[in-house]
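To start, the structure itself, in structure tokens.
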Amino acid sequence: MSDLKRGLSEAVGTAFAAAGLPAELGRVTPSDRPDLADFQCNGALPAAKRARRNPREVAAEVVAGLAGDTRLAGVEIAGPGFINLKLSDAALSQRAREIAADPRLGAEPVAAPRRVLVDYGGPNVAKPMHVGHLRASIIGESIKRIYRFRGDTVVGDAHFGDWGYQMGLLIGAVTDEKPAVKQAVDALNAGEAVEAEALATFEREVSLADLDRLYPEAAARGKSEPDYRDRARRLTAELQARKAGHFALWGHFAKVTQVALERDFHALGVDFDLWKGESDVDELIAPMVEELDAKGLLVDDQGARIIRVTRQGDKRELPPLLVVSSEGSAMYGTTDLATIVDRNATFGPDQVLYVVDQRQADHFEIVFRAAQIAGYAAEGQLEHVGFGTMNGTDGKPFKTREGGVLKLNDMIVMTRDKARERLHEAGLGAELDPEAFEETAHKVAVAALKFADLQNFRGTSYVFDLDRFSSFEGKTGPYLLYQAVRVKSILRRAADEGVEAGEITISEPAERDLVLLLDAFDQALADAYDKKAPNFLAEHAYKLAQTFSKFYAACPIMTAEPTVRASRLALAQTTLRQLEQALDLLGIEAPDRM
RNA sequence: GCGCCCAUAGCUCAACCGGAUAGAGCAUCCGCCUUCUAAGCGGACGGUUGCAGGUUCGAGUCCUGCUGGGCGCGCCA
């Protein structure tokens, strides 16, 4: 079962072929001029160019070949040679029934399903998530869902940053500040302490708030004080060598961080299949380095061991991949490379998508090249799906009014407060019990946050204005939910009155538009999939909601005469199903009432 | 310095291999709740797509140069 666009493209392609022209020129797209047509084909123009003929003449030949297609209510040649196609109500009605009967709501699965791993979220141990993680989390989550829906076998991996220099910095900073912790760490390292007692000390002395406070200080000192930096590097190497005290303290860092991370991800409806971290591939690093060495790929340079990745034809010299630092510790790129080895062994992905900030493009280019050189990855198997930064109204990376980094949780709480306020204002939810009310407020907040982000193309940076969220009007997540809720309300009423949905028959313009939108789902999904860009799906969901709203205003459902009522009810129900499906793929859930 | 990305309405963003009259939302103004939820619907206003060239029947889209902004460039992740 194919959508109208594809079906028409085939027909027009056949007509092109019959006129002795390439069939692929028959590609049909939704009309740029909805006042004139439903679909259009521009193929006569390039065809005429190649054949040095008059485009309108070519178009006329193609149009002649379309005679007798009962789906078409009108075919016209316009402008320089555009072929305008208008569908019959019967064809639209037929397509609407197909979509209504389709569990996939008109969306085709991919022809050749693949195994895809999506690496996203990028939380770090010892650092609460801030607004920057919002994009990584929700774009990645949406891409994962879209890929899965189209039939791929998909695994999402959080890939914790839990094993680098930052850990050495923190071990140093925490032991400096807290003598009891230092004592416990030293004792463990000397093999003189009971682990349970040490852990209890850590539990008592070190909270996530401590880590959050100490890390920026330590990072700053590490930059300005070489001695401090060298000590942190040493501590990092010692941790990676599994020194008991360091390792136990690190384990505590991970534990206290996990609680906050799980809360934030859960609130956003983001869930990972794998919660692996850099530390999980630690054991793979030594054998990997050995192997790389055996293959003669490692070069000693300034005390470190590197892989050079520059190629002929590069416009500039790319830095090498640092495999082993001069202190002997694994680097960012080392764990990434080992992670590729690990994933090959445990999952065997046809493709790995790294949903990570665009600023890391060079890093991934280096890692991917190194992986290819080492034979760990094929060309194109690894892909960096970069996204822009979320800026404040000043155009710079988003900061709170006090100038600090806004924590993700604070942002969720703030948005939820607004949602609650708005529900009260509108006098809605009075009939809901407090728990259901809270759930609705939360769904509205999450929809606002996610849709505000996902409606933008991921690659560009965008401005996030908290104040703009307070309205929840216009092109926002809550608008989409509102349309879904209106349908649900009608469906409840229909159920109460014993009215059932029936066969869809299209006649009104608003009904035609709605079916054309329903039909466009597959293309939106395909675009989002191919470009790893959920904004195409977000745009579709918005247009669908908007078109429904117009239909809602123009075509009364419950008061229409029975056959029309049954048809419109089925149309509304199908719209709701597709809208909720699209929202789900964006990671957004609609409440029953709002 | 080298490299990558971006520049579209007052603001925030779209625009399907290069196609017709560049679309939405917000803001402003005007209408519409005795009919299914007004977080809604209709209408008006708003553009030399940063600038200058080029390719093309046709350019926001491709090429060159310039201006302005963001980002990256070896032991952080």
Side-chain angles (χ1 to χ4, degrees), chain A residues 5 24 27 29-33 35-36 40 42 45-46 48-49 55 78-82 84 122 124 127 161 163-166 169 219 222-223 229 232-233 278 301-304 306 314-322 324-327 329 331-333 335-336 357-363 366 386 388-389 391 393 395-397 422-423 425-426 428 444 452 455-457 459-465 468 471-476 478-479 481-483 485-490 493-494 523-524 526-527 535-536 539 542-543 546 549-550 552-554 556-560 568 572 593-594:
Chain A
K5 180 176 155 171
E24 67 266 21
R27 198 174 66 104
T29 58
S31 178
D32 290 332
R33 294 287 303 274
D35 52 321
L36 300 179
Q40 64 181 332
N42 301 340
L45 283 88
K49 190 175 189 172
F82 303 113
N84 280 338
N124 287 307
K127 286 190 274 187
W163 203 238
Y165 168 71
Q166 63 199 21
L169 274 174
K223 270 188 190 159
R229 182 196 63 201
R233 283 192 192 151
E278 295 166 337
D301 193 89
Q302 299 169 40
I306 64 171
D314 280 355
K315 282 189 179 173
R316 65 189 157 132
E317 196 175 342
L318 220 48
L321 183 81
L322 251 161
V324 185
S325 81
S326 46
E327 291 292 332
S329 50
M331 305 299 295
Y332 184 24
T335 49
D336 274 359
D357 195 314
Q358 189 64 54
R359 286 176 292 191
Q360 295 191 44
D362 283 356
H363 166 74
I366 293 163
T389 49
N391 296 331
T393 41
K396 295 184 175 145
R422 188 70 188 82
L423 281 165
E425 260 173 39
L428 290 167
V444 170
Q455 68 171 299
N456 301 307
F457 177 70
T460 52
S461 299
Y462 74 102
V463 174
F464 182 89
D465 182 359
R468 234 181 325 135
S471 67
F472 292 160
E473 276 156 22
K475 194 172 183 178
T476 64
Y479 172 87
L481 300 191
Y482 181 70
Q483 302 311 333
V485 162
R486 294 217 284 197
V487 183
K488 290 186 181 186
S489 175
I490 292 174
R493 199 180 136 185
Q523 184 62 50
D527 286 341
N535 67 304
F536 289 97
E539 183 67 20
Y542 175 66
K543 278 198 207 149
Q546 201 182 34
S549 195
K550 288 173 205 245
Y552 181 89
I557 298 171
M558 296 309 288
T559 54
R568 287 179 180 170
R593 299 164 206 269
M594 64 182 273

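Scope of the values below: all heavy atoms of this structure, side chains included, with no hydrogens, waters or symmetry mates. Keep in mind the model is a prediction, meaning the values are calculated, not measured.
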Item to complete: Please work out whether the ring planes of A/Y479 and A/Y542 are parallel, tilted or perpendicular, with thresholds of 30° and 60°.
Response: tilted
Worksheet item: Distance between the P atoms of B/G10 and B/G47, in whole angstroms?
Response: 6 Å
Worksheet item: Using the C1' atom in both, what is the distance from B/G70 to B/G74, to the nearest Å?
Response: 23 Å
Item to complete: Please evaluate the base of B/C16 for a donor-acceptor partner in the side chain of A/D32 within a cut-off of under 3.5 Å?
Response: yes
Worksheet item: Under a cut-off of 3.5 Å for both distances of each Watson-Crick or G-U pair, what dot-bracket string does RNA chain B give, using [ ] for crossing pairs and | for inter-strand pairs?
Response: (((((((..((((.....[...)))).(((((.......))))).....(((((..]....))))))))))))....
Discussion item. Using atom P in both nucleotides, what's the gap between B/C51 and B/C11 to the nearest angstrom?
Written reply: 15 Å
Practice prompt. Report yes if a donor N or O on one partner sits less than 3.5 Å from an acceptor N or O on the other, where the partners are the side chain of A/D357 and the base of B/A77; otherwise report no.
Written response: no
Fill in: Distance between P atoms of B/G43 and B/G23 (Å, rounded)
14 Å
Discussion item. Using atom C1' in both nucleotides, what's the gap between B/G54 and B/A15 to the nearest angstrom?
Written reply: 24 Å
Fill in: Spacing of the P atoms in B/A14 and B/A7 (rounded, Å)
8 Å
Discussion item. Need one value for A/M558: base, sugar-phosphate or nothing, where a base atom within 4.0 Å counts as base even if backbone is also close, heavy atoms only.
Written reply: base
Practice prompt. Determine the Euclidean distance between corresponding C1' atoms of B/A9 and B/C45; express it in Å to zero decimal places.
Written response: 11 Å
Practice prompt. Tell me whether the OP1 or OP2 atom of B/A77 has a side-chain N or O from A/Y332 closer than 4.0 Å.
Written response: no
Discussion item. Can you list everything that forms a side chain to side chain contact (heavy atoms under 4.5 Å, CB included) with A/T29? Sequence neighbours excluded, please.
Written reply: A/R27, A/Q40
Contact list (N/O, under 3.5 angstrom) for nucleotides 29-31 of chain B vs protein:
none

Fill in: Nearest-Å distance for atom pair CZ/P, residues A/R27 and B/C17
6 Å
Discussion item. Once you apply a heavy-atom cut-off of 4.0 Å, does A/G164 come out as touching a base, just sugar-phosphate, or nothing?
Written reply: sugar-phosphate
Worksheet entry | Syn/anti state for B/C17 [syn: chi within 90° of 0] | syn
Show the distances under 3.5 angstrom between N or O atoms of the protein and N or O atoms of nucleotides 63-74 of chain B.
residue, atom, partner, partner atom, Å
B/G72, O2', A/D362, OD2, 3.1
B/G74, O6, A/D301, OD2, 3.1
B/G74, N1, A/D301, OD2, 2.7

Worksheet item: Using centres under 5.5 Å plus planes under 30 degrees as the test, is A/Y552 stacked with B/G40?
Response: no
Discussion item. Counting distance alone, no hydrogens or angles: does the base of B/A20 have a donor or acceptor under 3.5 Å from a partner atom on the side chain of A/Q40?
Written reply: yes
Taking only N/O atoms, report every protein-nucleotides 22-24 of chain B pair under 3.5 Å with atom names and distance.
residue, atom, partner, partner atom, Å
B/A24, O2', A/Y542, OH, 3.4

Worksheet entry | Nucleotide nearest A/E473 (side chain, heavy atoms from C-beta), chosen from B/G40, B/A20, B/C13 | B/G40
Worksheet item: Is there a donor and acceptor pair, one atom on the side chain of A/T460 and one on the base of B/C6, closer than 3.5 Å?
Response: no
Worksheet item: Counting only side-chain N and O atoms of A/K550, is one of them less than 4.0 Å from OP1 or OP2 of B/G42?
Response: yes
Worksheet item: Got a sec, which residues hit side chain to side chain contact (heavy atoms under 4.5 Å, CB included) with A/D35, two or more places apart in sequence or on another chain?
Response: A/R33
Worksheet item: Looking only at side-chain N and O atoms, does A/T559 come under 4.0 Å of OP1 or OP2 in B/U35?
Response: no
Worksheet item: Expressed as a whole number of Å, how far does the C1' atom of B/C4 sit from that of B/G58?
Response: 31 Å
